[in-house]
Amino acid sequence: MIDARLFEAVFSPDKIRLDEPMSAHTTFRTGGSADIMLLPSETEEIARAAEICGENGIPYCIIGNGSNLLVADKGIRGAVIKLGRGFSKVSVSGCTVAAQAGALLSSAANAALKHSLKGMEFASGIPGSVGGAVCMNAGAYGGEMKDVVKEVKVLCGGRVKSLSNAEAGFVYRSSRIMQEGMIVLEMSAELEEGSYDEIKALMDDLNERRRTKQPVDKPSAGSTFKRPEGNFAGRLIEEAGLRGFSVGGAQVSEKHCGFVINKGGASSSDIIELIDIIKKRVFESSGIMLEEEVRKIGEF
Ligand SMILES: Cc1cc2nc3c(=O)[nH]c(=O)nc-3n(C[C@H](O)[C@H](O)[C@H](O)COP(=O)(O)OP(=O)(O)OC[C@H]3O[C@@H](n4cnc5c(N)ncnc54)[C@H](O)[C@@H]3O)c2cc1C
C-alpha cells in the first residue's frame, strides 16, 4: 500500500487515484489495478512525482494513452504517472507543430492539417499520445516520428533537457528515450507547407485503409508484434494457420492476423498465453521468432 499523503503536497486530490483499474486506461481493456495513479498537468508536477517516488523507493512508470500496453492481471505495484488531457497543449508556429506529451497524436496531426502543413498525415490514425509515439517511434504507411521530430524536451535524471532528432536515437519502434527511461515532456515537429485539400485527402485515405483492413472496432494494442525483417507478422501468423485462433477472450483477429484482439472478457493472461502460442507456432512453421511490439507492464 502506498501512502497517498506523500503526494498530497504536490497534487490536488483530483490528480491522485488509489487502486486505479488499468483496464480503464488501456485500449486492450484488460489489466488489474495500479496502487496509485498520478495525473500531472505541469512539468514541475511530473518532475516532483518522479522525485518523490525515487526518494521513497516507489517504482513508477509513465503511460500515455495506453494503446501499446499489456498490463498484468495482478496490476501494478507502485505508481503510474499518466500524461494525458491535463498536459496536452498543441501549438503551431510557422512550419513547426509543438505538442505536450499528453496530447493525442491525432490532435497534433489535425493541428498540422488546419495550418496546411504536410508530413504528419501518417500519424493521424495512430491512437497514441505524443509522448508514447515519440518514445516508441510510432509509424505507419511509410512515415515514422523520426521523420518529423525536430526536438524533444525530456526529463532525465530530474533535469529538463532538449534532445535533437539524432540525440533521441530513433530506431524501429524504439528510441534512446525508451531505452534510457527518459520522460518525454514535449516535442516539436518540423513540417512543410502544403495544400489543405491534399493533406486532408491523404489523411482520409489512410484512415479509410485502417478502417477496412484493421479491427479498429475491437479492443487491441494495434500490431502485437514488430515487423520481422523482410516479412510481415500478420502473414506469418496466417500461414501458421492461426487466423481466428483464440485463448479465452483473446483472439487472433479474423480481419488482420497481426492484431490480437480482446473479443470480449479477455484477461491479460489470455492475451499472453495466445502471444506465446503464436510465437511458438510461427517459429515452427517459418523459423522466425516474432518479437512483441506491445509493452508489458506490472506484476506478471
Ligand atoms: C487500433 C490501434 C492501431 C495502432 N496503429 C499503430 C500504427 O499504425 N503504428 C504504430 O506505431 N503504433 C500503432 N498502435 C500502437 C500505439 O498506438 C502506438 O505505439 C503509440 O505510439 C503508443 O502511444 P501511447 O500514448 O498509447 O503509449 P502507451 O501505450 O501509454 O505507452 C507505450 C510505451 O511508451 C511509454 N511512454 C508513454 N508516454 C511516455 C512519455 N511521455 N515519456 C516516456 N515514455 C512514455 C510507456 O512507458 C510505454 O513503454 C496502434 C494501436 C491501436 C490500439
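All residue numbers in this chain count up from 1 along the given sequence. Ligands are counted one by one from 1 in listed order, and the atoms in each one are counted from 1 as well.
Checking T30 against S268 by side-chain atom types alone, a donor-acceptor pair falls below 3.5 Å. Remark: the D197 side chain and the S195 side chain contain no N/O donor-acceptor pair separated by less than 3.5 Å. Side-chain contact check for S116 and E193: no donor-acceptor pair (N or O, by modelled atom type) lies under 3.5 Å.
Cation-pi geometry between R281 and F245 is satisfied (NZ or CZ under 6.0 Å from the ring centre, within 45° of the ring normal).
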Contact table, ligand 1 N/O with protein N/O, distance under 3.5 Å:
residue: ligand 1; atom: 5 (N); partner: R210; partner atom: NH1; Å: 3.1
residue: ligand 1; atom: 8 (O); partner: R210; partner atom: NH1; Å: 3.3
residue: ligand 1; atom: 8 (O); partner: R210; partner atom: NH2; Å: 2.9
residue: ligand 1; atom: 9 (N); partner: G139; partner atom: O; Å: 2.6
residue: ligand 1; atom: 11 (O); partner: G139; partner atom: N; Å: 3.0
residue: ligand 1; atom: 11 (O); partner: G139; partner atom: O; Å: 3.4
residue: ligand 1; atom: 11 (O); partner: R173; partner atom: NE; Å: 3.4
residue: ligand 1; atom: 17 (O); partner: S67; partner atom: OG; Å: 2.7
residue: ligand 1; atom: 21 (O); partner: A133; partner atom: N; Å: 3.4
residue: ligand 1; atom: 25 (O); partner: N65; partner atom: N; Å: 2.9
residue: ligand 1; atom: 25 (O); partner: S129; partner atom: N; Å: 2.8
residue: ligand 1; atom: 25 (O); partner: S129; partner atom: OG; Å: 2.6
residue: ligand 1; atom: 26 (O); partner: N65; partner atom: N; Å: 3.4
residue: ligand 1; atom: 26 (O); partner: G66; partner atom: N; Å: 3.2
residue: ligand 1; atom: 26 (O); partner: S67; partner atom: N; Å: 2.8
residue: ligand 1; atom: 26 (O); partner: S67; partner atom: OG; Å: 2.6
residue: ligand 1; atom: 29 (O); partner: S67; partner atom: N; Å: 3.1
residue: ligand 1; atom: 29 (O); partner: N68; partner atom: N; Å: 2.8
residue: ligand 1; atom: 30 (O); partner: G64; partner atom: N; Å: 2.8
residue: ligand 1; atom: 30 (O); partner: G66; partner atom: N; Å: 2.9
residue: ligand 1; atom: 38 (N); partner: G132; partner atom: N; Å: 3.4
residue: ligand 1; atom: 41 (N); partner: V184; partner atom: O; Å: 3.1
residue: ligand 1; atom: 42 (N); partner: V184; partner atom: N; Å: 2.8
residue: ligand 1; atom: 47 (O); partner: I62; partner atom: O; Å: 2.7
residue: ligand 1; atom: 49 (O); partner: R295; partner atom: NE; Å: 3.3

With a 3.5 Å cut-off and sequence neighbours excluded, list the donor-acceptor pairs that the side chains of residues 200-207 form with protein atoms.
residue: K200; atom: NZ; partner: D204; partner atom: OD1; Å: 3.2
residue: K200; atom: NZ; partner: D204; partner atom: OD2; Å: 2.9
residue: D205; atom: OD2; partner: R209; partner atom: NH1; Å: 3.4
residue: N207; atom: ND2; partner: S124; partner atom: OG; Å: 3.3
residue: N207; atom: ND2; partner: M203; partner atom: O; Å: 3.2

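Counting non-hydrogen atoms of neighbouring residues, nucleotides and ligands closer than 6.0 angstrom, the CZ atom of R295 reaches no more than 12 such neighbours.
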